[in-house]
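Here is the structure we will look at.
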Number of protein chains: 2
Amino acid sequence: MSRDSRLSGVLHVLLHMAEQRRPLTSEALAETMRTNPVVVRRVLAGLRERGYVQSSKGHGGGWTIARDLADVSLRDIYEAIGAPALFAIGHRSEAPGCAVELAVNAVLGASLREAEERLLASFGAVTLADLSTAFHHGLAQRAAGPTTRGHHGH
Amino acid sequence: MSRDSRLSGVLHVLLHMAEQRRPLTSEALAETMRTNPVVVRRVLAGLRERGYVQSSKGHGGGWTIARDLADVSLRDIYEAIGAPALFAIGHRSEAPGCAVELAVNAVLGASLREAEERLLASFGAVTLADLSTAFHHGLAQRAAGPTTRGHHGH
DNA sequence: ATTTCATGCATCAATGATAGTTACATGAGT
DNA sequence: ACTCATGTAACTATCATTGATGCATGAAAT
């Protein structure tokens, strides 16, 4: 539990949802991730607010993807789950009174800000459709099958 | 205490040491950082092992810088303190059995690895001398004084 | 209508890492 | 000897994610 795995987890869940046209319950999704249904609902709640996914109660209820996979980037998902801190390292104090610390914060902060911008940009350049393609491509590699097929059975 | 501030803290301490030719005690260094002397010794222990700083016991003892500031990069310092995790986000499991998670890890991991490489490279491009210069430049800005002076009093 | 299923949400415990503190041993200098 | 300062172990505090439980809400099936 050392690192925040919400982005990784929600992407995992989304790809499973993308593979099934019918709604998937948070219990079913939680099983594939070996976690608790409440954890799944917690992260998906943020996506629901932005309209990326949809949830329905009662029999046959569950979660479905509400947007075209090509229209949602990893950055969109990252922001939907609350844009958690990307870096594990940071400053000692945000408002230092010491001139030395000001200089350290300035230099260190410049590197971190640049790295953050680039990472977010790289998240923005990958869509859920890309992720799905990577998944199917990986499956094809393992099965040593052709990569030109549009639809693979599960 | 949300983020790891060891790198920020140790750089702060190093710049203070660079300003004073005489050894500084961990108690004095801790005061400037508003922390505990043991915390200072803990982070500086890693630098001592690599020969970046030197410590001496007894009267007049304390910590001194043992290398030319221009020869030590921020990346050297980062590695000396144990190369702690840079990112707060990561995978759910490092050895997933699920093909979907494999794909997610591959795509997400690629972005993170690239960002890590770039961040470490940017750390490697900054030396302690650069940091010291940035500090003195900041002081000069505040004092509206010349920047061509070699030595500034403290 | 009642039962069943599934989400929505509040609340609390578990976990793991840094940060902070205390205590004591070691060694250098006066 | 006595004092100063590091070296290190051990413990507590803090904070965020994660996991778990309980209960209310609402939709579908019987």
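Nothing here was measured: the structure is a model prediction, and the numbers come from that model. Here is how names work: the chains are called A, B, and so on, in the same order as the sequence lines, proteins then strands, and each is numbered from 1.
Sparse packing is recorded around CD of B:Q54, with 12 or fewer heavy atoms of other residues, nucleotides or ligands lying under 6.0 Å away.
For the pair A:L24 CG and C:dC5 P, the computed distance is 18 Å after rounding to whole Å. When rounded to the nearest whole Å, the span between CZ of B:R41 and P of D:dG7 equals 8 Å. Between the CZ atom of B:R22 and the C1' atom of D:dC4 there is a distance of 15 Å, given to the nearest Å. A straight line from CG of B:N36 to P of C:dT21 spans 5 Å, rounded to a whole angstrom. For the pair B:R48 CZ and D:dA5 C1', the interatomic distance rounds to 13 Å; values are reported in whole Å. One can place CZ of A:R92 at 10 Å from C1' of C:dT18, the figure rounded to the nearest angstrom. In this structure, B:F87 atom CZ and D:dT17 atom P are separated by 17 Å, rounded to whole Å. Look at CD1 on B:I89: it is 18 Å from C1' on C:dA17, rounded to the nearest Å.
Here the side chain of A:T35 is nearest to one of D:dG19, C:dA19, D:dG26, namely D:dG19. Taking only side-chain atoms of A:V39, from C-beta outward, the nucleotide of D:dA5, D:dT18, C:dG8 with the closest atom is D:dT18. Checked against C:dG27, C:dG8, D:dA28, the side chain of A:H59 finds its nearest nucleotide in D:dA28. Relative to the side chain of A:D4, the nucleotides C:dT7, C:dA28, D:dT17 differ in distance, and D:dT17 lies closest. Of the candidate nucleotides D:dT18, C:dA6, D:dG22, D:dT18 has the atom nearest to the side chain of A:R6.
OP1 or OP2 of C:dG8 has at least one side-chain nitrogen or oxygen of A:S55 nearer than 4.0 Å. For A:S5 and D:dT17, the shortest distance from a side-chain N or O to OP1 or OP2 is not below 4.0 Å. Considering only side-chain N and O atoms, A:S26 lies under 4.0 angstrom from the phosphate OP1 or OP2 of C:dT7. The phosphate of C:dA28 (OP1 or OP2) has no side-chain N or O of B:S56 nearer than 4.0 angstrom.
Both B:G61 and A:A85 lie close to DNA chain D; mapped to their nearest nucleotides by heavy-atom distance, the more 5′-ward contact belongs to B:G61. The 5' end of DNA chain C is approached more closely, in terms of each residue's nearest nucleotide, by A:A45 than by the other of B:R34 and A:A45.
Side-chain contact between B:S8 and A:I89 is absent, with no heavy-atom pair separated by less than 4.5 Å. Counting heavy atoms from C-beta on, the side chains of A:L47 and A:L44 come closer than 4.5 Å.
Here the closest heavy-atom approach between residue A:L24 and residue A:H16 is recorded as CD1-O, 3.8 Å.
Residue contacts for A:R42: at a heavy-atom cut-off of 4.0 Å it reaches a base atom on one of the strands shown.
Side-chain atoms of B:T133 come within 3.5 Å of backbone N or O of B:A129 as a donor-acceptor pair.
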